[in-house]
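Encoded as structure tokens, the structure appears first; notes follow it.
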Amino acid sequence: MASARTLDDAHLLVAGPSDSNCVLSRALADETRAVSTVSTVDGALERLETESIDCLLTAQSLADGETGLELCKRVRERDPEFPIVLAPADGDETLASAAITADVSAYVPRASTTDPAAADCRTAIEQALADGHERRRLRNRARQFDAIFEDSETYAWVLEPDGTVRQANDPALAAIDATADDVRGRRLSALPWWQSIGDGGAAIEDAIEQAATGTIAHRELTRQHADVTAPSDRGGADAIDAPTTFEITVRPVYDESGTVVSLLARATDVTERARLEQELRESEELHRVTLNNMTDTVLITDDDGAFTYVCPNVHFIFGYTDDEIHEMGTIDELLGSDLFDREELAETGVLTNIECTATDRAGREHTLLVNVREVSIQGGTILYSCRDITTRKHREAALTALHRTTRKLLYAETDREIADIVVDDAADVLDLEASAAYLFDTDENVLRPAASSSGIERIHGPVRDHRASEDSIPGRVFVDGETRFFADVHDSPLLSNPETDLRSAAYVPLGDHGVFVAGSSESEAFDDVSRELTDLLAATAEAALDRLERERTLRERDRELKRQNRQLTRVNRINEIIRELDQALVRAETREEIEHAVCDRLTTADRFSFAWIGAPEAGGERLESRAQSGTIDGQEYVDTVSLALADASEPAVRAATDREATVISNVADGLRDAPWRSTALACGYQSAMSVPLAYDDFAYGVLTVYADQPDAFDDMIHAVLAELGETIAAAIAAVERKHALLSDASTRLEFDVTDETFLFARLARQAECTVSFDGGVRQHDDSASVFVTVDGASPDAVAAVATDLVGVERAQVISRDGRADGAGSEADTPDTTGNVAGGTIRLQLSRPVFALQLADHGIVLRGVEATPSSVRVVVDVPSSADVRESADIVSKTFADAELRSKQTVEGTSPRDFRSTLRERLTDRQLEVVQVAYYGGYFESPREQSGEDVAAALDISPAAFYRHVRTAQRKLFDVVFDELGVPAALSNGS
């Protein structure tokens, strides 16, 4: 702010007749360097307009009969604060009174302007300059206050120190449809503003008391469905029919002595900020649940390798708890030293696909694919993302071993040599301890053991002959020609040796040559990969035996021998394709990379002429190409043939429509029946096969392959491509789940579910009430638990109904209509008063839980509300996922679901108060305080004692109090950290 002018540096304008000007100018000659003179009103106004004048000194009598009072009035119309001194030649009380009315700054009669009284004139001018400066300062402050107070986006009140309203701005009055007189003199806390806020009046009174002591008070209050209006940026007011959050600030106003003389209260609408904060908490919860359940493990260390963060799901790979990992000290103890080059990491910032081996707690060795990235978060500088690829590596090793076995079999000269090779190599290919090979003796119609491993002799005993009949497992498999896998061979009534220690077993026919047997002393040892490898190994052995049989036949069987050799070559090619595709799928980071890699690998080295992947377009009426590779005619073929889903004749379209593999052995068959066949022949394609890309009953499109010869897709290739379709779909699902973790935006979908088998629909219908839950699921080893809000019925009755429902293992009443359940009772002891109309229950659900099924596809359940007649389900779909495909997943999860609404929800940063607290609390501590909270333990007076809550949790009272104290201490640690208040270090967890 500019300082006040002094007479020494002020520019004065003197107005009056020539003789008066001389007198006045002489009086100021020694006091200022800038004095201008005029004799008329217009001249004075012109000088004031064109020159920088600090003060006007005027006589009463001016030229042309004009007066100084008239000049004063004209100046005041232009500038109410301008300094004016009236110095009349002859002053009296009447003139003095008129001067006061004209609002002159000072009145000095002419007698005072002659020596030796000139000092009075100078003093009057200095006072006028000072008063003018002060009046401008006060006016500027008033304007600033008015600008703040009358802000159309803010509700404001001026209060007495005791909270009585002195003044309210227009938005505050309009919000309650009141006038200034309606609120003046009333207490702010008693205004209708706070009636729809539970403890709003008390909160306002508390803030006023705090501000009255000289401290600025801040409060945040939420108004639920108020019947008032809020200011609209359209100039009017909009009805508030949704919760609105306000930030209330009450400031003290002091006088010159430092005494609080009034209060300024302001209310600002921060609903959007509150919504963003809520979304932030929900986003953090999503990331927390995802980190806890994904199989990849994330670790963060400092520059020395010491752990600063360990993902809670670390046990998935290593078998250790996160505390045990911390106790190891450094990452070198877990992943080994010299994992990567520090200088290379410093240059690139990230290193990907580092392969290493690690040993878990049980001593098993795992092959890991590690990504390393530089970060800066909570003391951590290096982030490690570990993916267990042991199974994939085992599969690659098994395929490599199978490839070696195939080469050995090419040079085998006898059936027994083939049996020995297959049995000897089975341990490497299948990673199973027991194996044997039976060869069929055509002379005696008996299956005789040709080779057996030491493992099968140890756990089963010596293998013996079996008749080729249906009275034994090997005999039936040989007769039927069908492979049989047993999770426990003791379940078969055909088991010939009940004393055997053999459990898991596979019996695979070797064509007309015999039976291959593989097994283990452990139950359920065969997964999809080992089943496929067992079939491939047996097929390889069978092919080798066929080759020998052909060599033993006459020359006229030479053609059959060549066919079998081609089959062996095809097996090698298929093995190579599988190995290359597995490697490509492991490296792929996006769906597009996966699709292009598959097409490229399938058409490399003339394996197939053309391959393409298609998926339904946005309208769902036809297929569109997403990736293709092969001959140059492929693009022309895709652009020419009809890919409309209504015309299900082309192989890709038929596979997409029927959701089953489609094989065209000879394109020339029925050439006139389908236009696509002539186009395919023109491009050189003579056979084709299309397989759906499906994972967990969800389709990602179809893969279609064309060959330049008929019958190119036999049963083996059919099986391999069908399995490849599932593998591709699983890989796409994996990368889309990964992308969902990095997404900061989503689409919210709301469904009406009429699935009568849905658990919440059955519960609401049978209990005749409304039940809801917010999507939060706590997982246990073999179950999951949720907190369910009940409205319109006794929670005891609802819990009793829930215990009879399939899928509910346990139902426990937590609170009744705002009253805590006295002992956290089970559903088998319901309250018989019948007066409770709502409350909270905890349900323990058996797997699978629908919320977790949706999460497998990156879909987040946000809430369920079920009434006796309807069910509403709300989910979030990450921006990286296709909304239409995700809606299909929801529709498949529930028998009947109809999409009602869709909206975009912007994401936020995942770090906040809630995330910090959740990281510090263990699952058990969270469960204990959650049950205590719903049970009313923290109410005053307590609705439930600690012993009651401990009984509900089936723990001792001492354990309950220990968990509660620990949770409270951690809560205050986080609170003090947020406030910047030093807190004592915690000991223990």
Side-chain angles (χ1 to χ4, degrees), residues 353 389 392-393 395-404 406-407 410 532-533 536 539-540 565-615 625-638 651-652 655 661 663-664 667 680 683-693 700-732 735:
N353 298 331
I389 60 170
R392 295 178 181 175
K393 296 296 291 186
R395 184 174 184 178
E396 291 181 7
L399 291 175
T400 301
L402 180 60
H403 185 69
R404 290 196 300 266
T406 302
R407 292 187 177 277
L410 288 174
E532 176 192 356
L533 292 172
L536 288 174
T540 304
N565 285 334
R566 286 197 301 270
Q567 182 179 2
L568 284 174
T569 302
R570 187 175 293 109
V571 169
N572 292 336
R573 293 174 61 189
I574 292 299
N575 292 339
E576 183 179 359
I577 292 174
I578 293 174
R579 183 169 58 254
E580 292 180 0
L581 285 175
D582 282 346
Q583 294 173 350
L585 295 180
V586 169
R587 293 191 298 266
E589 295 289 337
T590 65
R591 177 175 179 175
E592 288 74 19
E593 290 183 28
I594 291 173
E595 293 169 336
H596 285 287
V598 169
C599 294
D600 291 341
R601 298 304 190 279
L602 288 176
T603 56
T604 300
D606 298 327
R607 291 165 175 160
F608 299 104
S609 298
F610 177 60
W612 70 288
I613 291 177
S625 175
R626 292 181 56 86
Q628 54 184 274
S629 181
T631 62
I632 59 176
D633 296 325
Q635 181 66 54
E636 179 182 353
Y637 172 81
V638 173
V663 178
I664 306 298
V667 173
C683 295
Y685 309 146
Q686 299 193 42
S687 58
M689 180 175 179
S690 183
V691 296
L693 306 181
Y700 290 93
V702 292
L703 166 65
T704 309
V705 183
Y706 302 82
D708 58 2
Q709 58 184 352
D711 301 315
F713 303 92
D714 58 13
D715 292 342
M716 179 183 300
I717 296 180
H718 183 288
V720 170
L721 289 180
E723 174 68 16
L724 179 61
E726 297 177 3
T727 303
I728 296 170
I732 292 174
V735 299

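If you read the sequence from its start, that first residue is 1, and numbering goes on from there. This structure is a prediction, so every number in the text was calculated from the model and none was measured.
For the side chain to side chain contact (heavy atoms under 4.5 Å, CB included) test, residues two or more places apart in sequence or in another chain that qualify with Arg626 are Arg591, Glu592, Glu595, Ala615.
Gln628 places no side-chain N or O within 3.5 Å of a backbone atom of Ala611 that could act as its donor or acceptor partner.
Salt bridge Glu396/Lys393: present, at least one basic N to carboxylate O contact under 4.0 Å. Using a 4.0 Å cut-off between charged side-chain N and carboxylate O, Arg395 and Glu532 make a salt bridge.
Looking at every heavy atom in both residues, Val702 comes nearest to Ala652 through CG2-O, 3.8 Å. Smallest separation of non-hydrogen atoms from Thr704 and Ser690: OG1-OG, 3.0 Å. Between Gly725 and Val691, the shortest heavy-atom contact is CA-CG2, 4.3 Å. The two residues Pro651 and Ile664 have their closest heavy-atom pair at CG-CG1, 3.7 Å. Residues Ser609 and Ala707 come closest through the heavy atom pair OG-C, 3.8 Å. Here the closest heavy-atom approach between residue Ala712 and residue Ser687 is recorded as CB-OG, 3.4 Å.
Note: Thr727 OG1 to Ile732 CD1 = 11.0 Å, rounded to the nearest 0.5 Å. In this structure, CG on Asp582 lies 9.5 Å from CZ on Arg579, to the nearest 0.5 angstrom. Between the CG atom of Leu402 and the CD1 atom of Ile578 there is a distance of 9.0 Å, given to the nearest 0.5 Å.
Ring geometry, Tyr637 versus Tyr685: the interplanar angle exceeds 60°, so the pair is classed perpendicular (tilted spans 30 to 60°).
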For Gln583 and Val586, what are the C-alpha separation, side-chain angles and deciding distance, and is it a side-chain contact (heavy atoms from CB on, under 4.5 Å)?
CA-CA 5 Å; Gln583 294 173 350; Val586 169; 5.7 Å; no
